[in-house]
Amino acid sequence: MKKMTLLLVVVSAVTANLSFAADRTGEAIFKAVCTTCHTAGLMNAPKFGDKAAWKPRIAQGIPTLYDHALKGIRMMPPKGTCTACTDKEIKNGVDYMVSKAK
Ligand code: HEC
């Protein structure tokens with residue numbers, strides 16, 4: 001019985017670890033999710049690294065960009081369709097694209 005309890009403790013420790021996995025970096029999120037639209041500029045998405053396209057977006061302020069990336073705006077889907085991404089990961093993705101478009 002003791003062994004069983006120990007096993008349960010170990011298993012729940014492992015699964016807890018998984019669900020609290022560290023947020024992925026902006027670059028990782030960009031490559032996994034945002035690149036689909038933002039590299040080619042699909043549906044008029046501001047292209048990655050395109051300073052002119054990003055300038056008026058950045059001018060809205062970073063909190064607004066976070067908000068639009070999380071909730072979506074016009075053709076930009078909420079979280080860029082990545083429902084499994086954490087809010088922090090989406091913000092990291094925004095930070096990454098913004099940092100490359102300044
Ligand atoms: C399905 C295509 C698609 C994906 C995937 C996508 N985007 Fe977008 N995104 C768009 C489009 C289209 C726009 C332009 C929306 C508009 O202004 O009409 C946009 C605009 C934005 C903007 C500017 C919003 C503003 O207020 O001007 C940000 C920030 C953004 N996307 C972040 C992201 C991030 C971060 C990801 C990855 C997690 C991502 N997007 C994934 C299509 C996409």
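Read the numbers this way: they start at 1 and go in the same order the structure lists the ligands and their atoms.
Side-chain contact between Trp54 and Phe48 is absent, with no heavy-atom pair separated by less than 4.5 Å. Counting heavy atoms from C-beta on, the side chains of Lys102 and Val98 come closer than 4.5 Å. Taking 4.5 Å as the limit, every side-chain heavy atom of Glu89 sits out of range of all side-chain heavy atoms of Lys79. Inter-residue side-chain proximity for Lys47 and Thr39 is flagged as unmet; no heavy-atom pair is nearer than 4.5 Å.
When only non-hydrogen protein atoms are considered, atom 15 (C) of ligand 1 lies nearest to Ile73 O, 3.7 Å. Closest to atom 32 (C) of ligand 1 among all protein heavy atoms lies Met97 CE, 3.5 Å. Scanning the protein heavy atoms around atom 12 (C) of ligand 1, the nearest turns out to be Met43 O, 3.3 Å. Counting protein heavy atoms only, atom 16 (C) of ligand 1 is closest to Arg74 NE, 3.3 Å.
Each of the atoms 5 (C), 37 (C), 38 (C) of ligand 1 lies under 4.0 Å from some heavy atom of Val33. Residue contact check: Leu42 has heavy atoms under 4.0 Å from atoms 12 (C) of ligand 1. Close approach to Val94 involves these atoms of ligand 1, each under 4.0 Å from a residue heavy atom: 35 (C).
Tyr66 and Asp87 are not linked by any side-chain donor-acceptor pair at a separation below 3.5 angstrom, with hydrogens and angles left out of the test.
Backbone and side-chain nitrogen or oxygen atoms of Gln60 are examined, and one is located within less than 3.5 angstrom of a nitrogen or oxygen of ligand 1. When only interatomic distances are considered, the shortest N/O to N/O separation between His68 and ligand 1 falls below 3.5 Å. Polar contact check, Trp54 against ligand 1: no nitrogen or oxygen pair lies under 3.5 Å apart. Polar contact with ligand 1: present for Arg57 (N/O pair, distance under 3.5 Å).
Contact analysis puts Ile90 in contact with ligand 1, with a non-hydrogen atom separation below 4.0 angstrom. Put simply, no part of Lys91 is less than 4.0 Å from ligand 1, judged by heavy atoms.
Screening Pro77, Pro78, Cys85 against Thr81 for a side-chain contact (heavy atoms from CB on, under 4.5 Å) leaves a single residue, Pro77.
Although no hydrogens or angles enter the test, the distance criterion places a donor-acceptor pair under 3.5 Å between the side chain of His38 and the main chain of Pro46. The backbone N or O of Ala101 sits nowhere less than 3.5 Å from a side-chain atom of Asp50 that would complete a donor-acceptor pair.
No salt bridge links Asp23 with Lys91; every basic N to acidic carboxylate O contact stays at or beyond 4.0 Å.
Around atom 8 (Fe) of ligand 1, the protein N, O or S atoms closer than 2.8 Å are His38 NE2, Met76 SD, listed by chain and residue number.
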Criterion side-chain contact (heavy atoms from CB on, under 4.5 Å) on Ile29 and Cys82, from CA distance to verdict: CA-CA 9 Å; Ile29 291 297; Cys82 181; 5.7 Å; no
Does the side-chain contact (heavy atoms from CB on, under 4.5 Å) test come out yes or no for Arg57 and Leu65, once each step is laid out? CA-CA 7 Å; Arg57 312 256 178 196; Leu65 292 185; 4.1 Å; yes
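For Cys37, the disulfide bond (SG atoms under 2.5 Å apart) criterion is met by no residue, not counting sequence neighbours.
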